[in-house]
Amino acid sequence: MAFFERRSHEKGNVKYTYGFRRFSLLGTIISTVILLGSSFYIILETLPGIASPEKPDAQGMVLLAIFGIVVNGTEMTGTPCFPFILKSTQTLRRRNTTG
């Protein structure tokens with residue numbers, strides 16, 4: 001939706017004398033429709049699970065929790081767990097030192 005925000009700052013032309021200020025509102029409306037639609041879909045998908053709940057897979061949940069704790073702990077120490085993914089702060093530091 002950043003496209004609509006950028007477009008809303010453009011000046012008017014012969015065809016659009018008022019300018020493109022309404023594009024910001026259009027982007028907001030589209031975002032709202034997407035969020036409401038996806039929320040409605042998620043609610044519809046969870047209703048059968050509420051009516052007849054299934055037994056959770058405890059082993060899978062524990063393994064996922066342990067993995068999350070390991071990744072978060074590694075990131076807290078400053079050691080990059082996934083070195084191929086640059087953090088935005090590292091990218092900004094690198095740009096400031098070269099320029």
Side-chain angles (χ1 to χ4, degrees):
M1 298 305 142
F3 165 77
F4 292 109
E5 187 63 32
R6 284 192 308 267
R7 191 74 193 249
S8 69
H9 295 294
E10 291 181 15
K11 301 289 183 197
N13 57 23
V14 176
K15 187 174 180 182
Y16 300 105
T17 56
Y18 179 70
F20 295 93
R21 290 183 223 163
R22 292 187 181 143
F23 272 78
S24 178
L25 179 62
L26 179 64
T28 304
I29 291 171
I30 291 172
S31 294
T32 303
V33 168
I34 290 172
L35 286 172
L36 288 175
S38 59
S39 298
F40 185 70
Y41 174 75
I42 289 170
I43 290 171
L44 285 179
E45 287 292 316
T46 57
L47 287 178
I50 293 172
S52 59
E54 297 178 11
K55 186 175 182 178
D57 179 21
Q59 183 181 4
M61 290 171 53
V62 169
L63 290 175
L64 184 62
I66 290 171
F67 176 73
I69 290 170
V70 168
V71 169
N72 286 330
T74 306
E75 289 296 321
M76 281 178 46
T77 62
T79 307
C81 192
F82 302 103
F84 52 89
I85 300 175
L86 285 178
K87 293 182 180 179
S88 60
T89 55
Q90 292 172 338
T91 306
L92 289 175
R93 260 188 264 131
R94 189 174 302 135
R95 286 184 192 156
N96 289 339
T97 57
T98 60

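Computed from a prediction, not measured in an experiment: that's the story for all the values here.
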Steps toward side-chain contact (heavy atoms from CB on, under 4.5 Å) verdict (Gln59, Leu63):
CA-CA 6 Å; Gln59 183 181 4; Leu63 290 175; 4.3 Å; yes
OG1 (Thr74) and CD1 (Ile69) are apart, to the nearest 0.5 Å, by 11.5 Å
Pairs under 3.5 angstrom only: tabulate donor-acceptor contacts from the side chains of residues 39-53 to other protein residues two or more places apart or in another chain.
| residue | atom | partner | partner atom | Å |
| --- | --- | --- | --- | --- |
| Ser39 | OG | Leu35 | O | 2.8 |
| Thr46 | OG1 | Ile42 | O | 3.2 |
| Thr46 | OG1 | Ile43 | O | 2.9 |
| Ser52 | OG | Pro48 | O | 3.3 |

Which of Ile34, Val33, Thr32 passes side-chain contact (heavy atoms from CB on, under 4.5 Å) with Ile30? Answer is Ile34
